[in-house]
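Take a look at the structure set out below.
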Amino acid sequence: MHCFSYKKALVAAISIALLLLPIVGCAPEEAAPPAAGSIHVTPSSLELAFPLMLVIPINFNGTGWQPGEAIAIELVLPPGVQMKGVEPGENAPVAFAYADEEGNFNTSMETTTKILTIFRGDLDLTRPGNVVPESINPIPPGTYTIEAIAVLSGSSNETTITFTAPEE
Amino acid sequence: MEKKKFLLLLVASVLVALPMLPGCAPEEEAPPLEEEKYITYLSLADYTGAIAGLNVPADEGLKAYFDYLNDKGGVNGVKIKFIGVDTRYDAARAVSAYRRYRGEHKLMMINAIGTHLDKAIAPLVEEDGLCVFTPADGYYVAHPGRGFLWYMTYQDMFGAALDWMLDDWHAKGNPGMPTVGYYHWDNPYGHEALRGGKEYAEKIGVNLLPPEFNPPGTVDHSIPLTRLADSGANYIYIGGIDPNPTIVLKSAYDLGLTEKIQFVTDVYGPSETVGGRLYPEAIEGCVVVRAGVDGDEARSHPLAKEIAKYAGIPLSDLDWVHIMAAASWGMTTEIALRKALETVSYEDLTSNDFYKALQNITGAEREGLMGPIAYTDTERRQSWDVKFYQFHDGKSVPITDWRRCPDTVSLYDWE
């Protein structure tokens, strides 16, 4: 009787193990990406005033990233907001950085990126100042998500920035 | 009875588990499109930004060449897939584009349309073991890595221009040495030719005037040009991407300086389809340093007809930049791929094999469209040879055969 119970338990255990095998054995092999560091933007709110915003620094900084890691900083575009060079559903890149040895980064949005992305404008090297004034078409005012994405590992984090309509 | 139930359960479990086991094998790379063998070429391009006027025809020529090559069966049956991404000449967009496309099937080669784009992705390229075509900064020659130049460096071109000026000066029976002005954009590209070029001028004894710079977009160049003329310039070397050099020449023409001073431009100087159509009278007599063939000489090449056909443009609209891109980026990629496939099968081909191959195609010819390939394990110049053209009635006419550039990079202190 005892012998039969032992066999019964063994068969039951093997059966359960075999049933679980397809689930456990086929779990994705990839290790989870390392935890992403932080991202902060300063200022967190500013007016969509052209050309005033071009001289206001928009800084991004973060901590807790992998040392030397490349970080793409992108603006998440709401559905319907179109932009040259950005396919529907894609984010609009606004900056990039490489983390230092301590995993910190500090970077800012380039002036040309502000023109091309925040103001959706065109550049022309034959024009004084290189901006085509009639092309300026700021993104709609609102609160936007900023994503910081590690280029190689894919780990990411986010923050927000608010663009307000310029005062009349 | 109980025993039978358990045995039945065991058998059922095995039957459920077994068919799923093959699904647990490591996932193989998805088969290429329609089982085609291909590698991927990624262009981090500018189709709607500041230098779209240069990059649109360039990638048009490149893609036409790849289409032509692929229609002929590719390289030993391996085709080249072209992906062009409009970064608008923005480094942030280049990094994000790199993030999106770095996993493409057998990605081997990337083109960065600006030095700043390449510098933004360089550590990633190194990490991923890829290769990049990059414009013409001396830095890449002084620090050989995974950045491979489109042709020679800007300073080498300037050195070649100085050599030509010296020859021209003496050929005209003038005594002593000429006085040369330098007028360029006030940005890293505009200053680059002097990093080694200035030292080369000193070395050969040319009197190089203090350089003058202008912000891109300047319309009236009369004050700095007059200053250079008043300082005794016999030749003025101008930079910038057409139509900017054409606009400089228009200022010089309006001042009557093109009659007295020989103007010479760098590789991006007037082209027949831009400056040649805009102000043909202003660019008359201007000399251009080209890294590849230009004008009717380019259009009469048998390959030109194919490129125009595949690009869907009339042959008359085919410019030097179409041909340069087809030769510098297209044919070089093709030659390196062919070399790599001599040593490794397509299935085993990695970007590192391609990197090694690029350094092992020294001396390869590109049907005379550019000079022979100069890459080695320590050399990142693609070629040493330039040709000089002169504009007459809006047409670019060759005035020299291929001339070897001097090595000006080694004269500069890069530390």
Side-chain angles (χ1 to χ4, degrees), chain A residues 4 7-12 14-30 68-75 83-87 90-98 107 109-110 112-113 115-117 122-131 147 149-152 154, chain B residues 2-3 5-7 9-21 23-27 45-53 85-100 102 116 120-121 123-124 127-128 185 215-220 240-244 246-247:
Chain A
F4 181 71
K7 279 184 183 168
K8 194 173 155 185
L10 185 66
V11 170
I14 292 170
S15 300
I16 290 165
L18 281 169
L19 282 170
L20 286 175
L21 180 67
I23 300 159
V24 177
C26 292
E29 277 178 24
E30 270 182 30
E69 186 162 45
I71 300 144
I73 301 169
E74 302 179 353
L75 187 74
M83 191 173 287
K84 272 187 191 170
V86 178
E87 296 294 325
E90 282 181 3
N91 296 340
V94 288
F96 72 96
Y98 284 89
T107 189
M109 197 185 299
E110 295 284 333
T112 50
T113 307
I115 296 165
L116 296 172
T117 300
D122 291 334
L123 296 174
D124 181 345
L125 297 179
T126 65
R127 302 270 196 121
N130 305 151
V131 182
E147 256 194 287
I149 308 160
V151 174
L152 298 183
Chain B
E2 283 287 308
K3 229 177 182 178
K5 265 189 191 170
F6 280 114
L7 281 173
L9 179 64
L10 182 65
V11 170
S13 303
V14 170
L15 286 175
V16 169
L18 273 181
M20 296 186 183
L21 284 176
C24 298
E27 257 186 49
D46 176 9
Y47 300 141
T48 58
I51 61 159
V85 182
D86 184 12
T87 69
R88 306 200 81 195
Y89 209 45
D90 181 17
R93 292 194 187 207
V95 170
S96 288
Y98 184 89
R99 180 178 72 77
R100 284 200 302 278
R102 60 184 279 269
H116 63 302
I121 62 166
L124 295 163
E127 179 92 17
D128 284 340
W185 277 346
T218 304
V219 176
D220 182 5
I241 297 170
D242 206 28
N244 286 267
T246 297
I247 292 167

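Keep in mind that this is a model prediction, so the values were computed, not measured. Just so we're on the same page: letters track the sequence lines, and every chain starts at 1.
Note: A/Leu116 leads A/Val86, A/Thr112, A/Leu116 in heavy-atom pairs under 4.5 Å with chain B. Contacts with chain B were tallied for A/Leu152, A/Asp122, A/Ile71; A/Leu152 has the most, counting heavy-atom pairs under 4.5 Å. No other option in A/Ile73, A/Thr107, A/Thr117, A/Asp124 has as many heavy-atom pairs under 4.5 Å with chain B as A/Thr117. Heavy-atom pairs under 4.5 Å with chain A were tallied for B/Pro243, B/Pro215, B/Gly240, B/Ala120; the largest tally goes to B/Ala120.
Formation of a donor-acceptor pair under 3.5 Å by the B/Thr218 side chain with backbone atoms of B/Asp220 is not found in this model.
For B/Asp46, no part lies under 4.5 angstrom from a heavy atom of chain A. Both the backbone and the side chain of B/Leu124 have a heavy atom closer than 4.5 Å to some heavy atom of chain A. Contacts of B/Ile241 with chain A are absent, with no heavy-atom separation under 4.5 Å from either backbone or side chain. B/Ala94 does not touch chain A: none of its heavy atoms, backbone or side chain, sits under 4.5 Å away. With a threshold of 4.5 angstrom between heavy atoms, B/Ala97 does not approach chain A through any atom at all. Residue B/Pro123 touches chain A through both its backbone and its side chain, counting heavy-atom pairs closer than 4.5 Å.
Looking at heavy atoms from C-beta onward, B/Tyr89 lies out of side-chain contact with A/Leu123 at the 4.5 angstrom threshold. For the pair B/Arg102 and B/Glu127, the minimum side-chain heavy-atom distance is 4.5 Å or more.
If you take CG on A/Leu75 and OG1 on A/Thr113, they are separated by 11.5 Å, rounding to the nearest 0.5 Å.
Sparse packing is recorded around CD of A/Glu110, with 12 or fewer heavy atoms of other residues, nucleotides or ligands lying under 6.0 Å away.
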